[in-house]
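Everything below concerns the one structure shown next.
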Amino acid sequence: MSSINEKKGILTVNTHIKKRILGVAIATLGATPLFAYAQAHDAHSGHTATPASSAPADAASMPGMDHSKMNMPGMDHGTMNMKSTPATKPAEAMPGMNHGQANTAPAATAHDMGAMNTSGGEMDHGDMQMQGGSAPPDARDPDAYSEGYVRNAGKYALPPSDALVMSDMHNFGSVYFDRLEYVRARGEEWAAYEGEAWYGSTYNRAVIKAEGEVASGKLQESETQLLWRHAVSTFWDTELGVRFDHAQGAPNREWLAFGFKGLAPYWFEVDATAYVGPSGRTALGLKAEYDILLTQKLYLQPSVEVNFHGKDDERWGIGSGLTDGTAGLRLKYEVTRQFVPYVGVEWSSKFGKTADYARAAGDSKQETRFVAGLSFRF
């Protein structure tokens with residue numbers, strides 16, 4: 001019985017010892033952060049805090065902050081100097097840690113960072129302007145022009161009477177012959193021409209269109225139009241005016257003309273004109289052509305033209321409906337943009353009553369023509 005009691009006493013004593021050891025361990029763990037904080041706080045025990053300012057919070061400037069005497073194991077910064085613009089209120093010195101002077105003041109207009117020297121090299125920012133200030137002396141002049149040339153001045157400037165202000169304020173002119181060619185068909189030869197001349201501004205121009213055929217030194221047939229051309233969009237113009245027809249052995253014809261021309265999608269050049277003449281005569285002409293580039297200078301130019309008339313004109317050998325059509329293919333070479341020689345072939349056909357008039361006159365209703373000519377402009 002006594003041995004049992006002795007064992008119980010030993011267990012009780014051991015329990016008390018375990019509780020004490022556990023309590024000491026818990027106290028030690030809890031006191032360790034406080035002890036570390038006390039050591040860190042003791043190193044700065046000589047610091048004097050600067051009273052807080054009652055003014056609104058502003059940016060602080062710290063001139064002359066010297067860390068050269070701060071020793072941090074494993075990190076050697078040598079000398080680090082940070083300079084700023086002078087502050088209005090210096091703070092009290094903090095013995096124990098040499099920071100120079102720490103001042104709290106309203107935000108300065110600019111911060112000047114001096115030299116930052118480290119043991120591995122030197123970083124010198126000089127006088128760095130963080131915002132505002134003048135441009136550096138070698139900055140590009142935003143108002144300068146290439147090679148010193150300026151608008152409306154210098155040897156390339158136009159005289160005051162021709163100086164360009166707006167593109168539609170000045171008049172220009174041009175002459176363009178699309179076809180000036182030699183034609184051979186059915187053992188016969190003749191010359192053909194088609195072109196236009198215009199004068200005016202970007203939006204409004206006076207235009208002369210002309211086409212015809214010359215054989216044996218005589219003008220066999222011609223068509224001349226006087227038009228006013230007006231731009232209605234970037235790629236399209238309207239045309240309004242009159243047309244005069246002349247032919248050997250036939251009376252002259254006059255027409256009122258209204259149409260449009262321009263560049264259709266996919267780069268098709270289109271010209272469509274409707275005509276109204278005396279005695280109820282009406283007509284419609286449609287033309288289209290396209291350039292197929294083989295090289296930058298060599299290209300194929302297919303073209304097609306058809307004509308319709310509203311009534312018969314026996315003296316001109318024209319019937320009503322679809323009267324005639326021509327399809328051509330020309331191979332052109334641009335020596336320059338203004339000078340383009342070419343060779344080609346055309347297929348021409350007459351239809352309906354117009355073909356009947358041609359057979360009655362001893363002409364063929366279909367023919368193949370070989371052409372060689374020149375396109376030019378100036």
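Residue numbers count from 1 along this sequence.
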Any idea which heavy atoms bring [X] and [Y] closest together, and the distance?
X	Y	value
W198	F172	CZ3-O, 3.3 Å
T354	G317	CG2-O, 3.4 Å
S320	D312	N-OD1, 2.7 Å
S279	K311	O-NZ, 2.9 Å

**Study point:** With A139 via side chain to side chain contact (heavy atoms under 4.5 Å, CB included) - residues at least two apart
**Key:** A135, P136
Review point. Sequence neighbours excluded, which residues qualify as side chain to side chain contact (heavy atoms under 4.5 Å, CB included) partners of F370?
Key: V345, T368
Within [range] or reaching into it, pairs that qualify as salt bridge (Lys or Arg N to Asp or Glu O under 4.0 Å) - sequence neighbours excluded:
range	value
residues 293-310	none
residues 199-208	none
residues 228-238	E196-R229, R229-E239

For [X], give me all partners under side chain to side chain donor-acceptor pair (under 3.5 Å), at least two apart in sequence or on another chain.
X	answer
Y176	D178
E269	none
W228	N204

Answer with yes or no whether the hydrophobic clustering places [X] together with [Y]; edges join I, L, V, M, F, W, Y residues whose side-chain heavy atoms lie under 4.5 Å apart.
X	Y	value
L298	V335	yes
L293	Y266	no
L286	F268	no
L284	V306	yes
L329	W267	yes

Check your understanding: What side-chain hydrogen bond (donor to acceptor under 3.5 Å, both in side chains) pairs are there with at least one residue in residues 211-222, not counting sequence neighbours?
Key -> E211-K287
Measure the shortest side-chain to side-chain distance between [X] and [Y] over non-hydrogen atoms and say whether it is less than 4.5 angstrom.
X	Y	result
V242	L227	no
D324	S348	no
P251	R253	yes
H230	W236	no

Show me, pair by pair, the donor-acceptor contacts under 3.5 angstrom made by side chains of residues 254-264, not counting sequence neighbours?
{"unit_1": "W255", "atom_1": "NE1", "unit_2": "D245", "atom_2": "OD2", "d": "3.0"}

Point to revise | S364 side chain to Q366 backbone, donor-acceptor under 3.5 Å | key: yes
Check your understanding: Is the backbone of H309 close enough, under 3.5 Å, to the side chain of T323 for a donor and an acceptor to pair up by distance?
Key -> no
Review point. With a distance cut-off below 6.0 Å to the six-membered ring centre and an angular limit of 45° from the axis, does R243 pair with Y275 as a cation-pi contact?
Key: yes
When you look at [atom1] of [X], are more than 12 heavy atoms from neighbouring residues, nucleotides or ligands closer to it than 6.0 Å?
X	atom1	answer
I208	CD1	no
E189	CD	yes
R359	CZ	yes
Q296	CD	no

Can you tell me how far [atom2] of [Y] sits from [atom1] of [X], rounded to the nearest 0.5 angstrom?
X	Y	atom1	atom2	value
K350	I318	NZ	CD1	10.0 Å
R281	D313	CZ	CG	6.0 Å
D291	S303	CG	OG	10.5 Å
E194	F177	CD	CZ	10.5 Å
N307	T326	CG	OG1	8.0 Å

Practice item. Go through the steps to decide whether R330 and L300 satisfy the test side chain to side chain contact (heavy atoms under 4.5 Å, CB included), and finish with yes or no. Key: CA-CA 6 Å; R330 291 171 172 81; L300 283 171; over 6 Å; no
Practice item. Could you label the plane-to-plane angle of the F378 and F376 rings as parallel, tilted or perpendicular, counting under 30° as parallel and over 60° as perpendicular? Key: parallel
Check your understanding: Tell me the ring pair (Phe, Tyr, Trp, His ring centres under 6.0 Å) pairs involving residues 324-358, sequence neighbours left out?
Key -> none
Practice item. Using a strict cut-off of less than 4.0 Å between a Lys/Arg side-chain nitrogen and an Asp/Glu carboxylate oxygen, indicate whether D356 and K353 qualify as a salt bridge. Key: no
Check your understanding: Cut-off 3.5 Å, side chains only: do K332 and S375 have a donor facing an acceptor?
Key -> yes
Review point. In the hydrophobic clustering (ILVMFWY, side-chain contacts below 4.5 Å, transitive), which residues join V304, or is it alone?
Key: none
